[in-house]
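Keep in mind it's a predicted model, so treat the numbers as computed, not measured. Both ligands and their constituent atoms are indexed starting at 1 by order of listing.
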Amino acid sequence: MMTSKNLNNFNLENLPIVIGISGASGTVYGLRTLEFLLQNNYRVDLVISESASKVAINELNLALSTEPVLLKEQVLSYCRISKSENLTVWSYDDIAASISSGSYKTQGMIVVPASMGTIGAIASGTSDNLLTRAADVCLKERRKLILVPREMPFSSIHLENLLKLSREGAIVAPACPGFYHSPKNLSDTVDFVVGKVLDLIGIDHELFKRWEKAKRDTLTLL
Ligand SMILES: Cc1cc2nc3c(=O)[nH]c(=O)nc-3n(C[C@H](O)[C@H](O)[C@H](O)COP(=O)(O)O)c2cc1C
């Protein structure tokens, strides 16, 4: 069996995935990604920005603590998971956290959703909070960094930052749901974006129906 390896040449299986949730609209994308990974027994290191907590209140009526033990209980409860040893939650300002160091091995990081503020900070390498530092670690260690920006429209500054990050090896996967899988409700739309992100990190899922032209043509003919 082929085992997946990254440029550091170590096996990726069983290593944690870092999830960063920043203050763009769409906290639900981040929490749904977390829920899927935990339900499927992946290990996750989670960091949530202060602005993301403000968005979570507005969009999900979810008040999040800054204290990691409480925050872990809150996100698990949101994901309807009773407890999980696979989840480690870090404080946003805990710059000494494991994910702050390249010596802590991970499969990579997903920033979902990614605000333009966070994109700008990662693009300029400021690393002045745990989320942007963890992303910077992925870039320097040549690990997967998947960025899910949400903004509309983009300014030239946003686009230049995204281009810079893409050229540096990050994958820019904007929260742009498709409609060719015939979503029936909002969860189908969220699952489309989350499913595309899982594809990019190499995780199998059935969160949306994949496009199969031949099948569609047969249905039209019937
Ligand atoms: C309800 C709400 C929605 C927001 N939506 C977006 C958004 O979609 N994209 C974005 O770039 N910023 C958005 N912002 C602004 C960011 O939260 C703000 O720029 C913040 O400083 C980002 O901080 P962070 O990158 O550390 O999370 C939103 C803010 C609020 C309160």
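Within 6.0 Å of atom NZ in Lys196, 12 or fewer heavy atoms from other residues, nucleotides or ligands are found, so the atom counts as exposed in its surroundings. In this structure, Asn61 places its CG atom where only 12 or fewer heavy-atom neighbours from other residues, nucleotides or ligands lie under 6.0 Å away.
Residue Ala52 places no N or O, backbone or side chain, under 3.5 Å from any N or O of ligand 1. At a 3.5 angstrom cut-off on N or O pairs, Glu59 does not count as close to ligand 1. For the pair Ala24 and ligand 1, the shortest N or O to N or O distance does not fall below 3.5 Å. At least one N or O atom of Arg150 sits closer than 3.5 Å to an N or O atom of ligand 1. Close N/O approach between Ser25 and ligand 1 is found [any backbone or side-chain N/O within under 3.5 Å].
Every atom of ligand 1 is numbered from 1 in the order shown, and the set under 4.0 Å from a heavy atom of Met116 is 10 (C), 11 (O). Set against the non-hydrogen atoms of Ser22, the atoms of ligand 1 under 4.0 Å away are 27 (O). Of all the atoms in ligand 1, the ones that sit under 4.0 Å from a non-hydrogen atom of Ser49 are 24 (P), 26 (O), 27 (O). Every atom of ligand 1 with a heavy atom of Tyr92 under 4.0 Å away is listed here by number and element: 26 (O).
The nearest protein heavy atom to atom 19 (O) of ligand 1 is not closer than 4.0 Å.
Counting heavy atoms closer than 4.0 Å to ligand 1, residue Lys54 contributes nothing at all.
The protein atom (non-hydrogen) at minimum distance from atom 10 (C) of ligand 1 is Glu151 OE2, 3.4 Å.
Side chain of Ser91 to main chain of Pro68: no donor-acceptor pair is present (N/O by atom type, distance under 3.5 Å, no hydrogens or angles). Of the possible donor and acceptor atoms, one in the side chain of Lys164 sits under 3.5 Å from a partner among the backbone N and O of Ala123.
Within the set Ser53, Gly23, Ser51, Gly120, the minimum heavy-atom distance to atom 13 (C) of ligand 1 is found for Gly23. One option in Val55, Thr118, Leu131, Ile57 has a heavy atom closer to atom 31 (C) of ligand 1 than any other, and that option is Val55.
Not a single heavy atom of Phe154 sits closer than 4.0 Å to an atom of ligand 1.
Side-chain polar atoms of Ser101 and Ser103 form a donor-acceptor pair below 3.5 angstrom.
Classification of Glu141 and Lys105 as a salt-bridged pair fails, no side-chain N sitting under 4.0 Å from a carboxylate O.
Counting heavy atoms from C-beta outward, Val190 and Tyr29 have side chains that approach closer than 4.5 Å.
Tracing side-chain contacts under 4.5 Å through hydrophobic residues (I, L, V, M, F, W, Y), one never reaches Trp90 starting from Val75; they form parts of separate clusters.
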Could you go through Gln74 and Ser65, starting from their C-alpha distance and side-chain angles, then the distance that decides it, and tell me whether this counts as side chain to side chain donor-acceptor pair (under 3.5 Å)?
CA-CA 8 Å; Gln74 289 169 331; Ser65 171; 4.8 Å; no
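The aromatic rings of Phe192 and Tyr180 lie perpendicular to each other, with more than 60° between the two planes, well past the 30° mark.
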